[in-house]
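Below you'll find the structure, written out as structure tokens, and then a few comments.
Letters go in sequence order (proteins before strands), and every chain restarts at 1.
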2 protein chains.
Amino acid sequence: MIMILIIIISCMPETSSDHNTEHLVAARLSSHGLRYTAARRLVVGCLAASPGPLSAADLCSTVAEVVPLSSLYRTLGVLESAGVLAREHGNNGIARYELAEWLTGHHHHLVCTNCGEVQDVVIDAETEMKVGSLIDHIGDAGGYVVRGHRIDIEGRCSTCAKG
Amino acid sequence: MIMILIIIISCMPETSSDHNTEHLVAARLSSHGLRYTAARRLVVGCLAASPGPLSAADLCSTVAEVVPLSSLYRTLGVLESAGVLAREHGNNGIARYELAEWLTGHHHHLVCTNCGEVQDVVIDAETEMKVGSLIDHIGDAGGYVVRGHRIDIEGRCSTCAKG
DNA sequence: TTCCTTGCAAACGATTTGCATTGGA
DNA sequence: TCCAATGCAAATCGTTTGCAAGGAA
């Protein structure tokens with residue numbers, strides 16, 4: 001089992017920033033009195049390597065051999081409440097998880113209305129600032145104390161647009 | 001039972017535009033070979049009168065005496081697939097329904113991160129155009145054929161901000 | 001008569017949880 | 001040793017569906 005784990009981990013793409021992510025997550029968990037176990041590393045690694053948020057089922061297809069479904073959910077729950085992960089719900093009601101923005105940076109989502117794929121997009125700083133300040137004004141006008149925003153851009157991904 | 005229905009309907013706020021909505025919905029359903037029954041009128045009426053999307057449970061608390069839960073879900077399903085309603089999922093995974101944008105106009109949502117309330121907001125046309133064109137560019141750059149967008153403004157509603 | 005609609009109860013599926021066990025610091 | 005983490009099975013809960021009865025055109 002440990003060997004399987006090692007194989008899976010060693011097969012995962014790894015960038016230099018991943019090392020930093022690992023370190024930050026470890027520190028965060030430790031400061032919450034939580035351990036950074038193999039299963040948790042595996043989940044964080046998968047999410048760090050993914051171009052967009054993943055559902056429990058998505059993750060399960062990668063980690064099922066080492067992490068049973070119920071443990072996967074528990075892992076996701078722990079990581080979410082520690083602020084390491086963010087959860088969101090697509091239009092089908094299924095939860096998807098991604099690394100929290102303090103780890104990945106602020107970004108938005110391209111959502112394919114055909115195949116359901118979700119892809120991260122980063123907006124250039126200037127545009128983000130423009131959009132952000134417009135949005136903050138709108139929130140204020142509605143009597144809200146604005147804390148943030150989510151933008152989902154809906155359309156057809158390059159694959160589905162061809163069909 | 002019919003009397004209860006009449007009482008509930010007659011208690012609902014009704015604006016001049018609601019009459020138009022009724023008419024448009026009736027036409028849409030009819031063109032799909034569907035009937036605009038009392039239960040469906042009731043649901044459409046509730047949603048038209050609401051300042052934001054409602055969950056099945058929200059609706060149920062209003063209509064439970066006349067529409068059992070399973071029928072409510074069926075009603076919502078039929079109205080959605082006829083394009084009368086749009087479904088969305090809050091961060092808790094529970095489905096919320098609202099009238100489709102061709103009935104209400106394009107709008108966005110203020111989401112209270114504390115109490116979960118969702119409120120519609122309309123952005124003035126000029127701002128919407130600016131934001132919209134920025135968003136379309138971003139989608140294009142990501143290889144998407146952009147069809148629309150959703151903006152959720154997150155913060156604390158005026159009630160929760162006081163606490 | 002035909003077909004849409006309804007209601008009840010049962011089924012589903014994603015997610016959560018109780019409990020006993022394992023394992024790391 | 002102590003407490004967090006795990007695995008299994010069972011429970012939850014929002015939502016869907018099969019089937020038989022009701023109702024409008």
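Applying the 6.0 Å contact sphere to NE2 of A:His137 captures no more than 12 heavy atoms from other residues, nucleotides or ligands. Heavy-atom contacts from other residues, nucleotides or ligands closer than 6.0 Å to NE2 of A:His32 number more than 12.
A cation-pi arrangement is not found for A:Arg156 relative to B:Tyr144, the charged atom failing to lie both closer than 6.0 Å to the ring centre and inside a 45° cone about the ring normal.
In this structure, CD of A:Glu65 is placed 13 Å from P of D:dG7, rounded to the nearest angstrom. Protein atom NE2 of B:His89 is 12 Å distant from nucleotide atom C1' of C:dA14, rounded to whole Å. Atom CZ in B:Arg96 sits about 14 Å away from atom C1' in D:dG14, given to the nearest Å. What separates CG of A:Asn92 from C1' of D:dT16 is a distance of 15 Å, to the nearest Å. With rounding to whole Å, A:Arg40 atom CZ is found 10 Å from D:dT6 atom C1'. Per the geometry, OH belonging to A:Tyr36 stands 18 Å off C1' belonging to D:dT6, to the nearest Å. One can place CG of A:Leu76 at 9 Å from P of C:dT15, the figure rounded to the nearest angstrom. Atom CG in A:Leu72 sits roughly 19 Å away from atom P in C:dG13 (whole-Å rounding).
With sequence neighbours left out, the side-chain hydrogen bond (donor to acceptor under 3.5 Å, both in side chains) criterion links A:Tyr73 to no other residue. The side-chain hydrogen bond (donor to acceptor under 3.5 Å, both in side chains) search around A:Tyr97 returns none, not counting sequence neighbours.
Comparing D:dT15, D:dA4, C:dT5 by their closest approach to the side chain of A:Leu34 singles out D:dA4. Relative to the side chain of B:Ile94, the nucleotides C:dC8, D:dT15, D:dT6 differ in distance, and D:dT15 lies closest.
Side-chain nitrogen and oxygen atoms of B:Tyr73 include at least one within less than 4.0 Å of the OP1 or OP2 phosphate oxygen of D:dT15. Between D:dG14 and B:Ser55, no contact under 4.0 Å exists linking OP1 or OP2 to a side-chain N or O.
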With B for base contact, S for sugar-phosphate-only contact and - for none (protein heavy atoms under 4.0 Å), nucleotides 19-25 of chain D reads B---BB-
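A:His106 and A:His149 have perpendicular rings, their planes meeting at more than 60° on a 0 to 90° scale where under 30° would count as parallel.
Residue-to-nucleotide proximity on DNA chain C shows that, of B:Gly33 and B:Pro68, the 5′-proximal contact is made by B:Gly33. The residue among A:Ser71 and B:Ser70 whose nearest nucleotide of DNA chain D is located toward the 5' end is A:Ser71.
Residues B:Val121 and B:His109 are not in side-chain contact: their nearest non-hydrogen atoms beyond the backbone lie 4.5 Å or more apart.
Among the heavy atoms of the strands lying under 4.0 Å from B:Ala95 are primed sugar atoms or P, OP1, OP2 only; no base atom is included.
Remark: A:Arg147 does not engage B:Glu154 in a salt bridge, criterion side-chain N to carboxylate O under 4.0 Å. At a threshold of 4.0 Å, the pair B:Glu88-B:Arg150 counts as salt-bridged, since one of the basic side-chain nitrogens sits closer than that to a carboxylate oxygen.
Contact check of residues 77-88 of chain A against DNA chain C (heavy atom, cut-off under 4.0 Å) returns A:Arg87.
Between the two ends of the helix from C:dT1-D:dA25 to C:dA25-D:dT1, each summarised by a five-pair axis, the helix axis turns through 30° (rounded to 10 degrees).
If you run salt bridge (charged side-chain N to carboxylate O under 4.0 Å, His left out) between B:Glu22 and each of B:Arg41, B:Arg40, B:Arg28, only B:Arg41 comes through.
When every heavy atom of B:Asp120 is checked against every heavy atom of B:Gly52, the shortest pair comes out as OD1-CA, 3.7 Å.
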Show me the donor-acceptor pairs, under 3.5 Å and distance only, between side chains in residues 76-84 of chain B and residues at least two apart or in other chains.
unit_1  : atom_1 : unit_2  : atom_2 : d
B:Ser81 : OG     : B:Gly77 : O      : 3.1
B:Ser81 : OG     : B:Val78 : O      : 3.2

